[in-house]
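Inspection log for the structure reproduced underneath, given as structure tokens.
Residue numbers start from 1 in every chain, and the chains themselves are labelled A, B, ... in the order their sequence lines are given, proteins ahead of strands.
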Protein chains: 2
Amino acid sequence: MAQTDTVTRILDTAEVLFAERGFAETSLRNITSKAKVNLAAVNYHFGSKKALIQAVFARYLDPFTERFHTALDELESEYVDRPIPLEVLLESMARTVLEVPAERNSLKVFMRLLGLAYTQAQGHLRRFIQAHYGSVFTRFAELVRRATPDLPDAERFWRLHFMLGTVIFTLSGLDALRDIAEKDYGEHVSVRDLIRRLRPVVVAGMNAPLPEPAKTVS
Amino acid sequence: MAQTDTVTRILDTAEVLFAERGFAETSLRNITSKAKVNLAAVNYHFGSKKALIQAVFARYLDPFTERFHTALDELESEYVDRPIPLEVLLESMARTVLEVPAERNSLKVFMRLLGLAYTQAQGHLRRFIQAHYGSVFTRFAELVRRATPDLPDAERFWRLHFMLGTVIFTLSGLDALRDIAEKDYGEHVSVRDLIRRLRPVVVAGMNAPLPEPAKTVS
DNA sequence: TCTGATTATAAACGGCTGTTTAAAACATAG
DNA sequence: CTATGTTTTAAACAGCCGTTTATAATCAGA
């Protein structure tokens, strides 16, 4: 079963290097040499570098979406005919995000990859993620809509992305920030610790008063 | 004065391409051909690609820091012996961020560049920005400290970065989000509009209740 | 054990990268 | 006009890129 071994060794190495340097800055030769695998193996097993990038994400997002759907199923069967509270929804999502990579001790990598998916060019990646995993986000957004009935649709849309930005930005840039925090406050900060700090901020942000209406010509 | 012309034409083109595709994905040949300038001009006028990247940032950040220092000076002379309210501080920063690129109609580019500075590898860039512009952020953070005396230092540190993440992430990924928003809500969203929406969320996030203390062994 | 498919390997492909060189063009001050 | 310093230009440099090819090794089933 040398095949599986090669494939997973490529994936394991690629995700670390991608997370550290980004996609364009990581060459196939970087990956294959560190993984002690022949250069051509990537194109043989995955077809192309783009497909490898997508495979790296699929390995996280497939179990994530499956579990998150299950978690939402359970919540929906618990809260019948009444909206699931926002805090419960956020809690459920946070737990699922933590659960999946925890089994491989790669939470940091996963977070960094999520950040890269948003910020690196890689149009094919966004299309891939949207096509394969867009539905679970749509479902989540609909539940958030029911949990915050007083929020105008557009406002909720933007606030959800504000909060997504907060979380992904923070957790994906964690290493840099952690260095500063430890130097300034001598305090070691774990990811779980950060999520504990993030929760009240996110909830307060979602529940913030509505902005004053845009000024128009009077 | 062909020199200045070449230099600014390189900067103008480079900042747009960097903002669109990122640093590694933009080659000097992309830049020089689009700018109608000889390839060697970049190395002649700037020395290297890294130096060009830094020059692109300096052209925004030099006037920004100068004006922001001035704005903070004015606030400090207005609020003597009493803390400047958080809202006022945030308002002042937002106005300065908007002011600088407005003169060249390049707000989108500036925001995108800020996002890239955080998320792209480019260690030299972070070091450059920290070394040249770190002091204004330090000053701002100190004023925020006085404005939020009840917040523990570590908590305030993290929340500032949470909010920084929200703003930069949103504004730098604006184009992608705007497409979705317009499709779903038919509503055109300007940057000023987004900042109007961001303000109450950021303020509420900074003023959120403290998180429950980390659980320890009982 | 032999066969046929799967996987691993080394080598080469064309193309693009940032940078350097040396010569040409230009501007400016004496 | 001439000499000097600055800027532009075309060409070449070595090096890395993703991908492909042809060959070798390995494996599974009959």
Side-chain angles (χ1 to χ4, degrees), chain A residues 1-59 113 116 120-125 127-128, chain B residues 1-59 113 116-117 120-128:
Chain A
M1 195 169 285
Q3 174 219 353
T4 298
D5 209 49
T6 298
V7 168
T8 58
R9 203 153 63 238
I10 290 175
L11 286 173
D12 288 346
T13 312
E15 70 173 25
V16 171
L17 292 182
F18 285 153
E20 281 175 1
R21 326 181 194 172
F23 304 118
E25 296 87 347
T26 304
S27 71
L28 295 185
R29 283 168 177 82
N30 291 154
I31 296 170
T32 53
S33 71
K34 188 173 178 196
K36 283 175 195 146
V37 151
N38 188 275
L39 167 62
V42 169
N43 286 278
Y44 176 75
H45 286 288
F46 296 93
S48 67
K49 185 179 180 181
K50 287 184 180 179
L52 169 63
I53 294 175
Q54 297 175 2
V56 165
F57 276 85
R59 200 162 60 140
L113 288 177
L116 290 181
Q120 300 257 95
Q122 302 294 337
H124 71 94
L125 221 199
R127 271 175 269 125
F128 170 80
Chain B
M1 195 171 282
Q3 174 219 352
T4 299
D5 209 50
T6 299
V7 167
T8 59
R9 202 153 65 238
I10 291 174
L11 287 172
D12 288 345
T13 311
E15 70 174 25
V16 170
L17 292 182
F18 285 155
E20 281 176 0
R21 327 182 193 172
F23 304 117
E25 295 87 347
T26 304
S27 71
L28 294 186
R29 283 169 179 83
N30 292 155
I31 297 170
T32 53
S33 70
K34 188 173 179 196
K36 284 175 195 144
V37 152
N38 189 273
L39 167 63
V42 169
N43 286 278
Y44 175 75
H45 286 288
F46 297 93
S48 67
K49 185 180 180 180
K50 286 184 181 179
L52 169 62
I53 294 174
Q54 297 175 0
V56 165
F57 276 85
R59 200 161 61 137
L113 288 176
L116 290 180
Q120 302 256 99
Q122 302 293 340
H124 72 95
L125 222 200
R126 264 195 291 277
R127 270 175 269 123
F128 171 79

* Asked: What's the closest nucleotide to the Asn30(A) side chain, out of dT17(C), dT8(D), dC17(D)?
  -> dC17(D)
* **Contact under 4.0 Å: Ser27(B) side-chain N or O vs dC16(C) OP1/OP2** => no
* Measure from the side chain of Ala40(A), starting at C-beta and using heavy atoms only, and say which of dA10(C), dA8(C), dG18(D) lies closest. => dA10(C)
* Check whether any side-chain heavy atom of Thr6(B) sits under 4.5 Å from a side-chain heavy atom of Ile10(B), and report yes or no. => yes
* Structure fact -> Heavy-atom nearest nucleotide on DNA chain D taken for Lys36(B) and for Leu39(B); more 5' hit belongs to Lys36(B)
* To do: Output the single nucleotide from dT7(C), dT19(C), dT6(D) whose closest atom is nearest the side chain of Tyr44(A).
  => dT7(C)
* Asked: Which nucleotide in the list dT7(C), dG18(D), dA12(D) gets nearest to the side chain of Leu28(A)?
  -> dG18(D)
* Should Asp12(B) and Arg59(B) count as an ion pair when the cut-off is N to O under 4.0 Å? -> yes
* Can you tell me the distance, in whole Å, between the CG atom of Leu17(A) and the P atom of dG18(D)? => 12 Å
* Structure fact -> Which of dG18(C), dA10(C), dG18(D) is nearest the side chain of Asn38(A)? It is dA10(C)
* When all nucleic acid strands are considered with a 4.0 Å heavy-atom cut-off, which category describes Thr32(A): base, sugar-phosphate, or nothing? -> nothing
* What's the CD-P distance between Glu25(B) and dC17(D), to the nearest Å? -> 14 Å
* **Rounded interatomic separation in angstrom, taking CZ from Phe23(A) and P from dG18(D)** => 13 Å
* To do: For residues 9-40 of chain B, pull every pair meeting ring pair (Phe, Tyr, Trp, His ring centres under 6.0 Å), keeping only residues two or more places apart or in separate chains.
  => Phe18(B)-Phe23(B)
* Nearest whole angstrom, please: distance from the P of dT19(D) to the CD1 of Ile31(A). => 11 Å
* Structure fact -> To the nearest angstrom, the NZ-P distance between Lys49(A) and dC16(D) comes to 15 Å
* Asked: Counting N and O atoms only, with roles assigned by atom type, does the side chain of Asn30(A) sit under 3.5 Å from a partner on the main chain of Ser27(A), one being a donor and the other an acceptor?
  -> yes
* Return the value, rounded to whole Å, for the distance between atom CZ of Arg29(A) and atom P of dA12(C). => 13 Å
* Structure fact -> Asn43(B) atom CG is separated from dT17(C) atom C1', nearest whole Å, by 12 Å
* Asked: Between dT17(C), dG18(D), dA8(C), which one does the side chain of His45(A) approach most closely?
  -> dA8(C)
* Asked: Any donor and acceptor pair, going by atom type alone, linking the side chain of Arg9(A) with main-chain N or O of Ala35(A) inside 3.5 Å?
  -> yes
* For Thr6(A) and dT7(C), is the shortest distance between a side-chain N/O and OP1 or OP2 below 4.0 Å? -> no
